[in-house]
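Okay, structure first, notes after.
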Amino acid sequence: MKDARIEDIGKYEGLEVTLKGWLYNLRSKGKLHFLQVRDGSGIIQAVMFKPNFDPEFFKEVKKLPQESSIIVTGKVKKDKRSALGYELDVTGLEIIQKSDQYPIQPKEHSVEFLLPRRHLWIRSRMQWAILRIRAEIIRAIRDYLDDSGFLLVDTPIFTPAACEGTTTLFETQYDSHHKAYLTQSGQLYNEATIMAFGKTYCFGPTFRAEKSKTRRHLREFWMVEPEMAYAHLEDVIRYSEGMIMAIVERVLDRKKVELEILERDVSKLEAIQTPFPRMSYQDAVKILHEKGVDFKDGGDFGSEDETILSSMNHSPLVVHRFPSAIKAFYMEPDPEDDTYCLSVDFLVPEGYGEVIGGGERMSDPDLLLQRVREHNLPEDAFQWYIDLRRYGSVPHGGFGLGIERTVAWMCGIEHIRETIAFPRMLYKIYP
RNA sequence: UCCUCUGUAGCUCAAUCGGUAGAGCGAGUGGCUGUUAACCACUAGGUUGGGGGUUCAAGUCCCUCCGGGGGAGCCA
């Protein structure tokens, strides 16, 4: 008898296998029990026929609560009536534990009810599908970068000072002499590692202590941040585009079952193609004004502006050369007009907003020092960063992609809180 | 901090003009050989978020506090 996983149950057609899992749902019809069994890799229907079992035991199974842990043995049969294509003709069933009455039913629940039960909620079909797509997206990103010659170099979570000074940071007491702040970005460190390795990326959690309470914000979220030496804005855009395409293609190719569970309109994803449409910040402002949007030139786009711009195309929209005033201090000025900088945002369709932000970094030490002072940043803390421009400075750039927003977009779900196993949100930290 | 919606059974929701609190799911008991959120019958389940007010009468109207959702601000 073979231990099998539901994921590749097709390989065992006609054979008797053992599945170790949990009872997802149970329907009973007189002499038949239909058990929906999940094992983490999928859900299969297991059928018990009364004459094959001890009558007392058969009765006991009918009363098994949802999520009871069970080990099921049976013969794998092809069956057109099953969504999976196969079902299990049960020959043996071992009850490992009878669950207590399980709070989450296979039906609609409110977020208020589900969020405090996130540790159980992740067992549900849709959550299972989302988190599997997330894992595939992460694999696609790492494969893409590894295959393109980027080296993974991890950057610290504890940082001595604000990466960019302005945003709200989570403060911790690091030791008796120092406070430390949870990182908002590994980028500044990436700028050091590229000078050692050429092309690098960091991949990890980042923290923002803003009081944002929207469907696009989490307090703890994951970012992948590639950075390249000897690179210009055009290289940044090219790799960003390549990475998004790699993600889209991989998910469409390997996550069909999950997309179907989520009822994702895949035609929206299939329509994405390179090159992505591009426009400068100034052109974007013109378009907003033509559409009658009350937008102040020089300001940052609000979520509604982003939605208007990004829904003009199937593919993500590349907006470049934002005003220096609304971007980070380290952005390289546009040689054509230094009120703008060589920055870029990727706005994805369907209202998911900015998924990538990046640009070319400043390479001149004097100008960088000037910017640090203009922004009232602690000069001492940035000494090492300025050093990078003193010892063999080169044009360089990179970008950051937010994992959760990307997952939400791929899955077509409303809120990014479902794209991570245990979301950290304002006023919510349980479980 | 502001705007807006919302709070009724374990869960998801209903309750007309202010007139005795209702259904489905879940739970319990029984039935059924192909169910797909199975179905059928019966049973239990309520301080309508808390406090105050108006009224003969409040789930419903008013005030207030608390909780929750969405958004704005904020957010490379």
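Residue numbers begin at 1 in each chain, while the letters A, B, ... track the order of the sequences.
Taking atom CD of residue A:Glu210 and atom C1' of nucleotide B:A76, one finds them 11 Å apart after rounding to whole Å. We find that CZ of A:Phe170 is positioned 13 Å from C1' of B:C74, with the value rounded to whole Å. Note: CZ (A:Phe329) to P (B:A76) measures 12 Å, nearest angstrom. Taking atom CD1 on A:Ile326 and atom C1' on B:C75, their separation rounds to 12 Å, with Å as the unit. Atom CD of A:Gln184 and atom P of B:C74 are 16 Å apart (whole Å). Across the protein-nucleic acid pair, A:Asn25 atom CG and B:C25 atom C1' stand 11 Å apart, rounded to whole Å. A:Lys213 has its NZ atom 12 Å from the C1' atom of B:C2, to the nearest Å. Between A:Phe113 atom CZ and B:G7 atom C1' the separation is 16 Å, expressed in whole Å.
Base pairing of B:C75 is not made with any nucleotide, judged by Watson-Crick or G-U wobble geometry with both donor-acceptor distances under 3.5 Å. The partner of B:U16, taking Watson-Crick or G-U wobble pairs whose two distances both stay under 3.5 Å, does not exist in any strand shown. Searching all strands for a Watson-Crick or G-U wobble partner of B:U4 with both distances below 3.5 Å returns B:G69. B:G24 is paired with B:C11 under the criterion used here, namely a Watson-Crick or G-U wobble arrangement in which both key atom distances are under 3.5 Å. Across every strand in view, B:A41 sits in a pair with B:U29 that passes the Watson-Crick or G-U test at under 3.5 angstrom.
Residues A:Leu367 and A:Pro333 come closest through the heavy atom pair CD2-CG, 3.8 Å.
Side-chain atoms of A:Gln101 lie closest to B:A27 of the nucleotides B:A72, B:A27, B:A76. Picking from B:G69, B:G73, B:U12 the nucleotide with the shortest atom distance to the side chain of A:Lys107 gives B:U12. Closest contact between the side chain of A:Ser185 and the listed nucleotides B:A76, B:G30, B:G26 involves B:A76. With distances taken from any side-chain atom of A:Glu225 to the nucleotides B:A76, B:U35, B:G70, the minimum falls on B:A76.
Residues A:Asp79 and A:Pro65 both approach RNA chain B. Their nearest nucleotides, taken by heavy-atom distance, put A:Pro65 toward the 5′ side. Taking for each of A:Thr214 and A:Leu64 the nucleotide of RNA chain B with the nearest heavy atom, the 5'-most of the two is the partner of A:Leu64.
Contacts of A:Phe49 with the nucleic acid, taken as non-hydrogen atoms under 4.0 Å apart, include base atoms. Using a 4.0 Å heavy-atom distance criterion, A:Glu87 is classed as a base contact. Note on A:Gln66: nothing from the nucleic acid sits closer than 4.0 angstrom, heavy atoms only. Contacts of A:Arg81 with the nucleic acid, taken as non-hydrogen atoms under 4.0 Å apart, include base atoms. Residue-level contact check: A:Lys63 touches the backbone only, with heavy atoms under 4.0 Å from sugar-phosphate atoms and none from bases. In this structure, A:Lys327 reaches the sugar-phosphate backbone alone: every heavy-atom distance under 4.0 Å involves primed, P, OP1 or OP2 atoms, never a base. Note on A:Gln105: a base of the nucleic acid sits closer than 4.0 angstrom, heavy atoms only. No engagement by A:Met48 is indicated, since no non-hydrogen atom pair under 4.0 Å with the nucleic acid exists.
A close approach under 4.0 Å does occur between a side-chain nitrogen or oxygen of A:Arg417 and OP1 or OP2 of B:G70. Side-chain N/O atoms of A:His109 include none lying less than 4.0 angstrom from OP1 or OP2 on B:G10. Phosphate proximity of B:A72 to A:Arg216: present, with a side-chain N or O under 4.0 Å from OP1 or OP2. Note on A:Lys428: a side-chain N or O is less than 4.0 Å away from OP1 or OP2 of B:G69. Distances shorter than 4.0 Å separate some side-chain N or O of A:Ser110 from OP1 or OP2 on B:U12.
Taking atom P on both nucleotides, B:A72 is separated from B:A37 by 36 Å, rounded to a whole Å. Atom name P, nucleotides B:U43 and B:C61: the rounded distance is 34 Å, in whole Å. Comparing the P positions of B:G24 and B:U33 gives an interatomic distance of 25 Å, to the nearest angstrom. B:A57 and B:G18 are spaced 8 Å apart, taking the C1' atom of each and rounding to whole Å. Comparing the same atom, C1', in B:A23 and in B:A44 gives a spacing of 16 Å after rounding to whole Å. Rounded to whole Å, the P atom of B:U4 lies 32 Å from the corresponding atom of B:U47. When the C1' atom is used for both B:U20 and B:G26, the distance is 28 Å, rounded to whole Å. Remark: the separation of the C1' atoms in B:A9 and B:U16 is 23 Å, to the nearest Å.
Shown for residues 27-42 of chain A: residues whose heavy atoms fall under 4.0 angstrom of RNA chain B, namely A:Arg27, A:Ser28, A:Lys29, A:Gly30, A:Lys31, A:Leu32, A:Phe34.
With hydrogens and angles disregarded, no donor-acceptor distance shorter than 3.5 Å links the side chain of A:His232 to the backbone of A:Glu234. At least one donor-acceptor pair under 3.5 Å links the side chain of A:Arg389 to the backbone N or O of A:Tyr385. Side-chain atoms of A:Glu16 do not come within 3.5 Å of backbone N or O of A:Val90 as any donor-acceptor pair. The closest donor-acceptor contact from the side chain of A:Ser124 to the backbone of A:Gln127 lies at 3.5 Å or more, if one exists at all.
In this structure the side chain of A:Leu401 reaches within 4.5 angstrom of the side chain of A:Ile403, judged on heavy atoms.
In this structure A:Lys179 satisfies the side chain to side chain donor-acceptor pair (under 3.5 Å) test together with A:Gln173, sequence neighbours excluded.
Tested against A:Pro277 for a side chain to side chain contact (heavy atoms under 4.5 Å, CB included), the candidates A:Val319, A:Leu309, A:Leu317 yield a single pass: A:Leu317.
One finds a salt bridge joining A:Glu414 and A:Arg215 here, because a Lys/Arg side-chain nitrogen approaches an Asp/Glu carboxylate oxygen to under 4.0 Å. The pair A:Arg373-A:Glu379 counts as a salt bridge, with a side-chain nitrogen and a carboxylate oxygen less than 4.0 angstrom apart.
Between the side chain of A:Arg361 and the base of B:A76, no donor-acceptor pair under 3.5 Å is found. A donor N or O paired with an acceptor N or O is found under 3.5 Å between the base of B:C74 and the side-chain atoms of A:Ser212.
With a glycosidic angle more than 90° from 0, B:C62 adopts the anti conformation.
Ring geometry for A:Phe295 against A:Phe301 counts as tilted: the plane angle lies between 30° and 60°, on a 0 to 90° scale.
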